[in-house]
There are 2 protein chains.
Amino acid sequence: MSDQQFYQHHVFFCLNQRESGGRPCCHDRGAQEAQEHAKRRIKDLDLSGPGKVRINKAGCLDRCEEGPVLVVYPEGTWYTYVDKEDIDEIIDEHLVKGKVVERLKI
Amino acid sequence: MSDQQFYQHHVFFCLNQRESGGRPCCHDRGAQEAQEHAKRRIKDLDLSGPGKVRINKAGCLDRCEEGPVLVVYPEGTWYTYVDKEDIDEIIDEHLVKGKVVERLKI
């Protein structure tokens, strides 16, 4: 199972929106804006596409209490974030340089 | 970047639905039914949860022409499928036994 990866970094943002008020949900914590920002920035950096980066929407990743969350594969690195600066740091450090952003890692 | 994975196998089904008639889309090829079937079956097999398997919905994975598609991480194995028997084979062989289903791999 060690073929070359189709995407070097495949990023999934949890965009789940819960109907009831039970568990928290990423949707209510700015996940959509963050995903759109990341997608646009990766495109602007010309990092988008096969062999490079893909920014994806995803349903509930089931780590709601730690949200908002995203996961980067194939590394399997999970992050939380607060604002666009956090997203930019994940892009600049992890997706561009391959360095885990420890302060945002969960 | 080699910590233990939160999910042993994290499966993303492309459920994207296109509005126009340009590229094909996974949604029109039974992706939702397949995802729901996989989710239910993984639950029935008691394989669902941290350290085990997570079946996720995803937006467009951008391999539309090869669709419907799913990807299993952290392996980064991509599959196409036609029916529930294909999904069951991916579950029984790949997710349970760790063996790639070559005939469905893309």
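In the text below, chain A, chain B and the rest are named by the order of the sequence lines, each starting its count at 1. We use all heavy atoms of the structure for the numbers below, so side chains are in, but hydrogens, waters and symmetry mates are not.
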key: Shared hydrophobic cluster, F12(B) / V11(A) (ILVMFWY, side-chain heavy atoms < 4.5 Å)   = no
message = Is there a path of hydrophobic side-chain contacts, each under 4.5 Å between heavy atoms of I/L/V/M/F/W/Y residues, joining V101(B) to V82(B)?
response = no
request  = Tell me whether Y81(A) is reachable from L15(A) by hopping between hydrophobic residues (I, L, V, M, F, W, Y) whose side-chain heavy atoms are closer than 4.5 Å.
outcome  = yes
Residues of residues 50-64 of chain A within contact distance of chain B, non-hydrogen under 4.5 Å = R54(A), N56(A), K57(A), A58(A), G59(A), C60(A), L61(A), D62(A), R63(A)
request  = Output yes when a side-chain donor or acceptor of Q5(A) lies under 3.5 Å from a complementary backbone atom of E75(B), and no otherwise.
outcome  = yes
key: Mutual orientation of the aromatic rings belonging to H10(A) and Y73(B) [parallel < 30°, tilted 30-60°, perpendicular > 60°]   = perpendicular
request  = Could you grab the distance from atom CH2 of W78(B) to atom CZ of F6(A), nearest 0.5 Å is fine?
outcome  = 6.0 Å
message = Would a single hydrophobic cluster contain both L45(B) and I87(B), if residues Ile, Leu, Val, Met, Phe, Trp and Tyr are joined by side-chain heavy-atom contacts under 4.5 Å?
response = yes
request  = Tell me whether I90(B) is reachable from L47(B) by hopping between hydrophobic residues (I, L, V, M, F, W, Y) whose side-chain heavy atoms are closer than 4.5 Å.
outcome  = yes
